[in-house]
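Sequence lines set the chain letters: A, B, ... in the order given, protein chains first and strands last, and positions in each chain run from 1.
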Number of protein chains: 2
Amino acid sequence: MKRSELQSEFLEALTKASRKIRTAFNQRVTAHGLTYPRARALWRLAEKPDMAQAELAFELELEQATMVRLLDRMEENGLIERRPSLNDRRVKLIALTPHGEEQATLVRCVADQMRQEVFADIDKDDLRGLTLLLQTITGRVADLEDHHVDA
Amino acid sequence: MKRSELQSEFLEALTKASRKIRTAFNQRVTAHGLTYPRARALWRLAEKPDMAQAELAFELELEQATMVRLLDRMEENGLIERRPSLNDRRVKLIALTPHGEEQATLVRCVADQMRQEVFADIDKDDLRGLTLLLQTITGRVADLEDHHVDA
DNA sequence: CCCATATCATTAGTACGCTAATTATAAGCC
DNA sequence: GGCTTATAATTAGCGTACTAATGATATGGG
């Protein structure tokens, strides 16, 4: 097979895998009234509570404006609370409600279970090598963007 | 490193790579008044003209309802035309306009160039291996969904 | 021929994602 | 202290994604 065909095939496989995983995860949590983005936010907040919105947005690689709406709905659903920071009156800290804590636990269970099932008999060394390759590719794309900005 | 950590790391790398590529590609085509989904549609239509909307939606793995809006805007931008099918009065066939053809060519150029730059010195066998693994994972996730539906 | 069923495109409504512009506050500098 | 600049959250507006419901047409069975 030609080099370019291999590359195209790889790109297609990458896109497909990524979307499949997201969709499957989404299906499993929507049954509990969640969505994939909310689940990601809950997961992160459970690990590191009381983040400012900007900080959470950075960690989830979302824009602040996107974060605002997401948190609006999570607040409506009783998953989180916005609390004013004492040090900086511009900042609002995000805290999980008890309900949010429960849902975060659920999210972790679903994720762990899915991970185990999907990677059941995947070789550890293969996984390690491919993770490295993916990281290389990601870095290469980031470089491209930088050059693109320079121009 | 523990098995579960490796798996998590792989998932993160996968998600990140996929998003980076999509974003980078998007940046390059928006300069020409396109978007990533429109570029994908143009690409597919250039390869296989006069598809019905449902067929195009299937190939791009989008819902028909999503396709409608996307094509609405592509029609407004003069990229495509909807033509009634002669065989089936429910069906509308999608044809590229001359402008659409031009843009499709541009899309292909951008994609080819990006592909070459990103994969410049990636080993062919590595790529093959990763593609296989990704396909395995995709299949595994698909199986999970089926079982989930059964339950 | 007719009716039940299926399929195509569409609309309505919701949820994300982005950029750009606004408002409130903070921080640095003369 | 007052002015410039930077940062936090928000709003507004767009584009894309989904599901559910609709209306028009096809299709197969009796």
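- Applying the 4.0 Å criterion to OP1 and OP2 of D:dC18, one finds that A:R22 has every side-chain N and O outside that range.
- Computed from coordinates, the A:R89 CZ to C:dA27 C1' distance equals 15 Å when rounded to whole Å.
- Distance from the side chain of B:R90 is smallest to C:dA6 among D:dA9, C:dA6, C:dA9.
- At a threshold of 4.0 Å, the pair B:D125-B:R128 counts as salt-bridged, since one of the basic side-chain nitrogens sits closer than that to a carboxylate oxygen.
- Within the 4.0 Å cut-off from OP1 or OP2 of C:dC18, not a single side-chain nitrogen or oxygen of B:Q27 is found.
- Within 4.0 Å of A:Q64, counting heavy atoms only, lies at least one base atom of the nucleic acid.
- Going from atom CG of B:L71 over to atom P of C:dT10 covers 8 Å, rounded to whole Å.
- For B:V68, counting side-chain heavy atoms from C-beta on, the closest listed nucleotide (D:dT10, D:dA8, C:dT10) is C:dT10.
- In this model, the phosphate group of C:dC16 is not approached by any side-chain N or O of A:T66 to a distance below 4.0 Å at OP1 or OP2.
- Distance CG (B:L86) to C1' (D:dT25): 15 Å, rounded to an integer number of Å.
- In this entry the distance linking CG of B:L56 with C1' of C:dA9 reads 13 Å, nearest Å.
- Of the candidate nucleotides C:dT10, C:dT25, C:dA9, C:dT10 has the atom nearest to the side chain of B:A65.
- One atom, CG of B:L62, and another, C1' of D:dT16, lie 9 Å apart when rounded to the nearest Å.
- Residue B:E63 has its side chain nearest to D:dT19 when only D:dT19, C:dA9, C:dA6 are considered.
- Per the geometry, OH belonging to B:Y36 stands 20 Å off C1' belonging to C:dT19, to the nearest Å.
- The distance from atom CG of B:N87 to atom P of C:dA9 is 13 Å, rounded to the nearest whole Å.
- In terms of heavy-atom proximity, B:V118 sits nearest to A:R140 at O-NH1, 3.2 Å.
- Contact check on A:E76 versus A:R73 returns no salt bridge, with no Lys/Arg side-chain nitrogen under 4.0 Å from an Asp/Glu carboxylate oxygen.
- Of the possible donor and acceptor atoms, one in the side chain of B:Q103 sits under 3.5 Å from a partner among the backbone N and O of B:H32.
- By the 4.5 Å heavy-atom criterion applied to side chains, A:L79 and A:L45 are not counted as neighbours.
- Heavy atoms of B:V91 sit under 4.0 angstrom from primed sugar atoms or phosphate atoms, though from no base atom.
- Nucleic acid contact class of A:R19 (heavy atoms, under 4.0 Å, all strands): none.
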Taking only nitrogen or oxygen atoms into account, show me every contact under 3.5 Å that the protein makes with nucleotides 13-15 of chain D, one pair per line with its distance.
none

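- Rounded to the nearest 0.5 Å, atoms CG (B:L62) and CE (B:M67) are 6.0 Å apart.
- Counted within 6.0 Å of CD on A:E47, heavy atoms from surrounding residues, nucleotides or ligands total more than 12; the atom is thus considered enclosed.
- Atom CG in B:D72 sits about 14 Å away from atom P in D:dA17, given to the nearest Å.
- Between the OG atom in A:S18 and the CD1 atom in B:I137 there is a gap of 11.0 Å [rounded to 0.5 Å].
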